[in-house]
Colleague: 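Before we start, here is the structure in question, set down as structure tokens.
Given the structure is predicted, the values throughout are model-derived calculations rather than measurements.
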Amino acid sequence: MTESPHRLAAWRAYIEASQRLFTRLEEDLRADSALSFADYHVLVLLSEAPGQRLRMGELASRLVFSPSRLTYQISTMQRRGLVARESCPDDRRGSEAVLTAAGLLALREAAPHHLRSVRAHLMDDLDDAEVACLTRIFERLGRRLRADRDASTLHHED
């Protein structure tokens, strides 16, 4: 099955807009906090996880990182004291990334800069066509997520 030219053009516009936006966010975040965009997202995910820890596989899937990329990311963050790496209590073959006090502090300091940067770039850096493209994609994703949730709820009520 081949994609329509309109759909391919929409995806290309989305990818280009996303790349430009994330590049700008990365530059702003590093300028204000010395955290990379990836550092920031690792810290956010760990801060939201139970016990502020996640298995490496779970973290990789949430970040869409390859295992080798995640290992490198965690190793560099570990050297900077932002995270620790520990054995899983229930599976000695696996390991978990754990948020440290220094990582939590870095996250708290970076969050206002990150939010301000996201707002500024969403408002200033994307043209009307890119905003429309991203809006359609997020609306479609929202509909799909709601449909999946509703189907799951109906399935559990049976």
Colleague: Quick check: does any side chain N or O of Thr100 sit under 3.5 Å from a backbone N or O of Leu82, one acting as donor and the other as acceptor?
Modeller: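 Looks like yes, one N/O pair under 3.5 Å.
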Colleague: How far does CG of Leu35 sit from CD of Glu109, to the nearest 0.5 angstrom?
Modeller: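 Taking CG in Leu35 and CD in Glu109, the distance rounds to 9.0 Å.
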Colleague: Inspect the contact between Arg55 and Glu96 and indicate whether a charged nitrogen and a carboxylate oxygen are less than 4.0 angstrom apart.
Modeller: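 Salt bridge between Glu96 and Arg55, a charged N being under 4.0 Å from a carboxylate O: no.
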Colleague: Would you kindly confirm whether Leu104 and Val83 end up in one hydrophobic cluster when ILVMFWY residues are joined by side chain heavy atoms under 4.5 Å apart?
Modeller: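 Yes, because Leu104 and Val83 connect within a single hydrophobic cluster, where side-chain heavy atoms sit under 4.5 Å apart.
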Colleague: Do Leu54 and Met56 belong together in a cluster built from hydrophobic side chains that touch within less than 4.5 Å?
Modeller: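 Yes, Leu54 connects to Met56 through the hydrophobic network.
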Colleague: Hey, could you give me the OG/CZ distance between Ser95 and Arg53, rounded to the nearest 0.5 Å?
Modeller: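 These two atoms lie 11.0 Å from each other.
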Colleague: For Glu58, give me all partners under salt bridge (charged side-chain N to carboxylate O under 4.0 Å, His left out), at least two apart in sequence or on another chain.
Modeller: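 With sequence neighbours excluded, Glu58 shows a salt bridge (charged side-chain N to carboxylate O under 4.0 Å, His left out) to Arg62, given in chain and number order.
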Colleague: Would Thr71 and Arg85 satisfy side-chain contact (heavy atoms from CB on, under 4.5 Å), going step by step from the backbone distance to the final call?
Modeller: CA-CA 10 Å; Thr71 298; Arg85 194 166 172 179; 3.8 Å; yes
Colleague: Using residues 41-52 as the side-chain source, report each donor-acceptor pair under 3.5 Å to any protein atom, sequence neighbours left out, with the distance given to one decimal.
Modeller:
| unit_1 | atom_1 | unit_2 | atom_2 | d |
| --- | --- | --- | --- | --- |
| Ser47 | OG | Leu43 | O | 3.4 |
| Ser47 | OG | Val44 | O | 2.7 |

Colleague: Where is the tightest heavy-atom contact between Gly81 and Ala102, given as atom of each residue plus distance?
Modeller: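 Nearest pair, atom of Gly81 first, then Ala102: O-CB, 3.4 Å.
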Colleague: What is the minimum heavy-atom distance between Gln73 and Thr76, and which atoms define it?
Modeller: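 Closest approach of Gln73 to Thr76, heavy atoms only: O-OG1, 2.8 Å.
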Colleague: Atom CZ of residue position Arg69 - does it have more than 12 heavy atoms of other residues, nucleotides or ligands inside 6.0 Å?
Modeller: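 Yes.
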Colleague: Is Tyr40 reachable from Val98 through a run of I, L, V, M, F, W or Y residues, each pair having side-chain heavy atoms under 4.5 Å apart?
Modeller: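 Val98 does not cluster with Tyr40.
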